[in-house]
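Proteins come first, then strands; the chains are lettered A, B, ... in the order of their sequence lines, and each starts at number 1. Keep in mind that the numbers below use all heavy atoms, side chains included, and drop hydrogens, waters and symmetry copies. A quick note: this is a predicted structure, and the numbers were derived from the prediction, not measured.
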Number of protein chains: 2
Amino acid sequence: MPGSAVVAAETVGRVSLYRVLLSGLQQAGIKGVFSHQLSTSAGVSAAQVRRDIITLGYSGSPQHGYDVAELIESIDNFLDAPDGQNVALVGVGNLGRAVASYFAGRRPKLRLVALFDIDPEKSGRVICGVRCYPQEKITEVVRSERVSIVILGVPAPAAQAVADACVAGGARGILNFAPVALRVPPGVYVENLDMARSLEKVAYFARKAGG
Amino acid sequence: MPGSAVVAAETVGRVSLYRVLLSGLQQAGIKGVFSHQLSTSAGVSAAQVRRDIITLGYSGSPQHGYDVAELIESIDNFLDAPDGQNVALVGVGNLGRAVASYFAGRRPKLRLVALFDIDPEKSGRVICGVRCYPQEKITEVVRSERVSIVILGVPAPAAQAVADACVAGGARGILNFAPVALRVPPGVYVENLDMARSLEKVAYFARKAGG
DNA sequence: GCTATGCTGTGAGCGCGTTCACAGTGTGTG
DNA sequence: CACACACTGTGAACGCGCTCACAGCATAGC
Ligand SMILES: NC(=O)c1ccc[n+]([C@@H]2O[C@H](COP(=O)([O-])OP(=O)(O)OC[C@H]3O[C@@H](n4cnc5c(N)ncnc54)[C@H](O)[C@@H]3O)[C@@H](O)[C@H]2O)c1
Ligand SMILES: NC(=O)c1ccc[n+]([C@@H]2O[C@H](COP(=O)([O-])OP(=O)(O)OC[C@H]3O[C@@H](n4cnc5c(N)ncnc54)[C@H](O)[C@@H]3O)[C@@H](O)[C@H]2O)c1
């Protein structure tokens, strides 16, 4: 059963991008696609695309390439949980609000069900259609709402304590915007998304490339 | 001359994180640090930390480890341009505003000097202390303001055209938030920061790890 | 003074994601 | 009917970042 094997994180990321690109093709009325076409749109090699698609358990034909609708369905089966997953966001600051407004209601399989903040101005209110709870309720609400994914938009010094509270409530995945390495028990996946770090990478290579 | 060799992107990212951690140590009054201490804070191996520091051209001593102040200075020399670099942000939406408010004035070596938006409500105004120009002025202002780094916070369909305009004005590095692969000429560095992709990675591994 | 300790710096080796290159296959063409 | 062609699927090889393990060395303890 191909769908049950755990694959490399890079592959998952690329497959997610393929789905976005394929949705665009589908809306343009395009029925079939070849690996080299996805390859140029995604910025990876054609062999890479074919290997990734194999891991989905889907196969194309040498004559017609991949069927767009079928490939999207394979990706859906691969990426999405059948019943969806519940998401919470901690830290409704500048970044948190942007993320909340972006994700709220956009992805039916990833439901944003709770926000948390330490600021009493924010907790208690409904923001982007989602209720915001005080930070003390994290463990309780994460458990009661069956939240499996947490987005961390709090300042770096608070990140570890918040992560601990989320894990205690049963969260299994964390998207961490704070520039710190979180310590979590085995079985919890952490993805770090440090914008300052990325910007400094860009700055470095802009200098090295441009002279 | 060690400072002139171009090193791997991963190394640059880690070094950026080390600097953040070291600043924290310095503010706590700590003068010296060993590789294994940085290692646990950064979430990488101690050997990795030592290798990274070597590439900076800095050396510690087996007795006292690394001098925090000296190491920070080495990282500054490595990461920062002596005269700083000018940054522009295109697309002052939800995400763009969060980024602008975060970076405006925080990093003296990375000066946010211009914003751009297609919305006439935004262009012409001053946001977070930075002037916002209409989108048609991108190439002109990027050139006149000597912008080398551009942050792209526009919707995906607009990203390629905006990137082209930035490159035409002389930009050499792009931090791209849009979920598309940008095509740029050689010598221009693109770093993609796709939140939706990252979130789907978290969702996938939260499922696979948690059952 | 002599051994034990614990750190840095680094050559060597490993693992893994990626790429190469080609066999397999059906279709279009003369 | 035979050949050329284009694309998929994949074993094998590659490359590169990372880790391992240890030499070198100064200090601490006895
Ligand atoms: N905004 C950006 O562009 C940007 C860029 C780089 C890094 N980051 C990182 O992202 C994180 C958030 O950034 P931001 O700009 O949104 O910050 P912000 O200060 O605007 O928002 C932080 C929010 O977290 C809340 N908070 C603080 N402690 C909390 C706790 N213990 N429990 C719950 N909520 C708590 C605050 O009340 C606030 O609403 C930070 O770690 C920051 O370093 C942000
Ligand atoms: N906000 C998030 O959390 C989030 C998450 C994932 C991805 N993204 C991506 O980040 C980008 C921005 O997201 P957002 O939420 O800020 O969107 P947004 O719609 O809030 O902002 C987009 C801004 O870009 C401006 N714009 C549009 N076309 C332009 C052009 N040609 N030139 C200049 N400006 C133009 C718009 O006027 C608007 O101000 C998008 O590509 C989105 O896919 C955002």
**Q** A/Q37 CD to D/dT8 C1': how many Å, rounded?
**A** 14 Å
**Q** Tell me, please, which residues at least two apart from A/E145 pass salt bridge (charged side-chain N to carboxylate O under 4.0 Å, His left out).
**A** none
**Q** At what distance, to the nearest 0.5 angstrom, does CD of A/Q37 lie from CG of A/L21?
**A** 11.5 Å
**Q** With sequence neighbours left out, write down each residue that passes side chain to side chain donor-acceptor pair (under 3.5 Å) with A/S101, or none if nothing qualifies.
**A** B/N94
**Q** Using the test salt bridge (charged side-chain N to carboxylate O under 4.0 Å, His left out), find all partners of A/D52 that sit at least two apart in sequence or belong to another chain.
**A** A/R14
**Q** With a 4.0 Å cutoff (strictly under), does any side-chain N or O of A/Q48 reach OP1 or OP2 of C/dT19?
**A** yes
**Q** Can you find a side chain N or O atom of A/S59 that sits less than 4.0 Å from OP1 or OP2 on D/dT8?
**A** no
**Q** Whole angstrom is fine here: how far is it from CD in B/E10 over to P in D/dG15?
**A** 18 Å
**Q** Could you tell me the separation between the CG atom of B/L71 and the P atom of C/dG9, rounded to a whole number of Å?
**A** 10 Å
**Q** May I have the distance from B/E70 (atom CD) to C/dT8 (atom P), rounded to whole angstrom?
**A** 15 Å
**Q** In this structure, how many angstroms lie between the P atom of C/dG9 and the CZ atom of B/F34, rounded?
**A** 12 Å
**Q** So, A/R197 versus B/S16: side-chain donor-acceptor pair below 3.5 Å or not?
**A** no
**Q** Sequence neighbours left out, what passes salt bridge (charged side-chain N to carboxylate O under 4.0 Å, His left out) with B/D194? Give chain and number order.
**A** none
**Q** At what distance, to the nearest 0.5 angstrom, does CG of A/N176 lie from CG of A/N192?
**A** 5.0 Å
**Q** Would you kindly give the OH-to-P distance between B/Y58 and C/dT8, to the nearest whole Å?
**A** 11 Å
**Q** Just checking, A/R107 and A/F103: is the charged tip under 6.0 Å from the six-membered ring centre and within 45° of the axis?
**A** no
**Q** Name the nucleic acid region contacted by A/T11, choosing base, sugar-phosphate or nothing; use a 4.0 angstrom heavy-atom cut-off, strictly under.
**A** nothing
**Q** Under 4.0 Å: is that the gap between some side-chain N or O of B/R51 and OP1 or OP2 of D/dC16?
**A** no
**Q** Identify all pairs in which a protein N or O lies below 3.5 Å from an N or O of nucleotides 21-28 of chain D, and state each distance.
**A**
unit_1: D/dA21; atom_1: N6; unit_2: B/R50; atom_2: NH2; d: 3.4
unit_1: D/dA26; atom_1: O4'; unit_2: B/Q63; atom_2: NE2; d: 3.0

**Q** Which one, C/dC7, D/dT19, D/dG9, comes nearest to the side chain of A/Y66?
**A** D/dG9
**Q** Roughly, in whole Å, what's the span from NE2 in B/H36 to C1' in D/dC20?
**A** 18 Å
**Q** For the residue pair B/F205 and A/Y189, does the interplanar ring angle fall in the parallel (under 30°), tilted (30 to 60°) or perpendicular (over 60°) class?
**A** parallel
**Q** Would one find a side-chain N or O of A/S45 under 4.0 angstrom from OP1 or OP2 of C/dT19?
**A** yes
**Q** Which nucleotide in the list C/dC7, D/dG9, C/dT18 gets nearest to the side chain of A/I54?
**A** D/dG9
**Q** Using whole Å, report how far CG of A/D52 lies from C1' of C/dG17.
**A** 10 Å
**Q** Where the side chain of A/E191 meets the backbone of B/S198, is there a donor-acceptor pair that is under 3.5 Å apart?
**A** no
**Q** OP1, OP2 of D/dC7 versus side-chain N and O of A/S35: anything below 4.0 Å?
**A** no
**Q** Below 3.5 Å between N/O atoms, which protein atoms pair up with nucleotides 28-30 of chain C? Just atom names and distances, please.
**A**
none

